[in-house]
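Below is one structure; the comments refer to it alone.
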2 protein chains.
Amino acid sequence: MAERAGCCLPKLAPRLDAAEARRISNDLAILAHPIRLQILDLLAQYQGQVCVCDLEAALPVKQPTVSHHLKILREAGLITAERQGLWIYYSICCDTVQTMRERLLAQFALLG
Amino acid sequence: MAERAGCCLPKLAPRLDAAEARRISNDLAILAHPIRLQILDLLAQYQGQVCVCDLEAALPVKQPTVSHHLKILREAGLITAERQGLWIYYSICCDTVQTMRERLLAQFALLG
DNA sequence: CATATATATTGAAGGTTGTCAATATATGGC
DNA sequence: GCCATATATTGACAACCTTCAATATATATG
């Protein structure tokens, strides 16, 4: 255990460096919105069958806002889109969700 | 599996209601900041021995910013403060961290 | 009590995020 | 090609977040 000189510990090195902290907080920020969580939940529940108008009907926001959140999730690799005629069906990317979950779990383990 | 009428599924009920979604996204938002993650990490690493000036020295932000993030973490119940003379020593609240972790895990399980 | 130090609070400035109306793009049917 | 429908994009506005200098508060010491 470190010795004190005056008030402070001599040196305090974070195990979590700035870059990794940024990466994890980015992951968290993507999930940290109620509409996005509900979208992910609906996609998980009705895998592969959900189009944007389904989401628009189920959620308390308008179509451009749904599209906006879908874009954020798409760019994070958490969901994928497949066009079928007029409609675009969205699905969860279980791999990416899994990866994100493991990174978060590892972080929680350090805090535990 | 649901029948389609026109484009959309007939009804799409989120398992995750708006209130629960808000609660989880609040939890996530508290963690979704690199400085707060680094603070939690440092507190976990040096349990009970870390004062604000230690944090200020270890992190790339000024003292009022450290205090600001400490307040957010305190109000979320993730950390506690104990004054000893001039200094205030912060610790992680493992219980709250644990609770939060379990809520997030449960949510991830639904997405998995 | 005056001084010095540690931490908290306030208030201002700048940046980011969330939302929506309006508009654009893509597709299918006539 | 024209119309209707589904989704995406743009741009504007408001709300919120982050940061810091300045200031306030708390405590210890002489």
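We name chains A, B, ... by the order of the sequence lines, and we start the count at 1 in each one. Here the structure is a predicted model, which is why all the values come from computation and not from measurement.
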Looking across every strand, which nucleic acid part, if any, lies under 4.0 Å from A/L86 by heavy atom: base, sugar-phosphate, or nothing? base
Quick check against the 3.5 Å criterion: does B/T99 have a side-chain atom that pairs as donor or acceptor with the backbone of B/D95? yes
Among A/I72, A/L78, A/L31, whose side-chain contact (heavy atoms from CB on, under 4.5 Å) with A/R36 holds? A/I72
Reading DNA chain D from 5' onward, which residue's closest nucleotide shows up sooner: B/Q84 or B/P60? B/P60
Roughly how many Å is it from CZ in B/R22 to C1' in C/dG18, rounded to a whole number? 15 Å
Length of the line joining A/W87:CH2 and D/dA4:P, which is rounded to integer Å: 16 Å
For atom CG of A/N26 and atom C1' of C/dT17, their distance in whole Å: 14 Å
What does D/dG30 pair with, Watson-Crick or G-U, if both distances are under 3.5 Å? C/dC1
Looking at A/Y89, does any N or O in its side chain come under 4.0 Å of the phosphate oxygens OP1/OP2 on D/dA6? no
Would you say a side-chain N or O of B/R83 is under 4.0 Å from OP1 or OP2 of C/dA6? no
Would you say C/dA8 has OP1 or OP2 under 4.0 Å from some side-chain N or O of B/Y90? yes
Any donor-acceptor N/O pair, A/T96 side chain to A/G77 backbone, under 3.5 Å: yes
B/I35 side-chain proximity, nearest of C/dT19, D/dT9, D/dT19: D/dT19
In whole Å, what is the span from the CD1 atom of A/I88 to the P atom of D/dT5? 17 Å
Interatomic distance where CD1 belongs to A/I72 and P belongs to C/dT16 [whole Å]: 14 Å
Counting only side-chain nitrogens and oxygens, does A/S67 get under 4.0 Å of the OP1 or OP2 atom of D/dA8? yes
Under the 3.5 angstrom rule, does the side chain of B/T65 hit a backbone N or O of B/V61 as a donor-acceptor pair? no
If I take atom CG in residue B/D54 and atom P in nucleotide C/dA6, what distance separates them, rounded to the nearest angstrom? 11 Å
Whether the side chain of B/Q63 and the base of C/dA6 hold a donor-acceptor pair under 3.5 Å is what I'd like checked. no
Protein-nucleotide distance (B/E82, atom CD; D/dT27, atom C1'), rounded to Å: 15 Å
Base, sugar-phosphate, or nothing: which does B/H68 touch, judged by heavy atoms less than 4.0 Å apart? base
Taking OP1 and OP2 of C/dT7, is either one under 4.0 Å from a side-chain nitrogen or oxygen of B/H69? no
Distance check needed: D/dA8 C1' versus A/K62 NZ, whole Å only. 17 Å
Checking the side chain of A/R103 only, and the main-chain atoms of A/I24 only, is there a donor and an acceptor separated by less than 3.5 Å? no
Base, sugar-phosphate alone, or nothing: which one does B/V61 contact when heavy atoms must sit under 4.0 Å apart? sugar-phosphate
Spell out, as yes or no, whether a donor-acceptor pair under 3.5 Å connects the side chain of A/D41 to the backbone of B/L16. yes
Taking only side-chain N and O atoms of A/T65, does any of them lie within less than 4.0 angstrom of OP1 or OP2 on C/dC20? yes
Regarding the side chain of B/C53, the nearest nucleotide among C/dT7, D/dT7, C/dA21 is C/dT7
Start at the 5' end of DNA chain C and walk down; is the nucleotide closest to A/A29 or to A/G85 reached first? A/A29
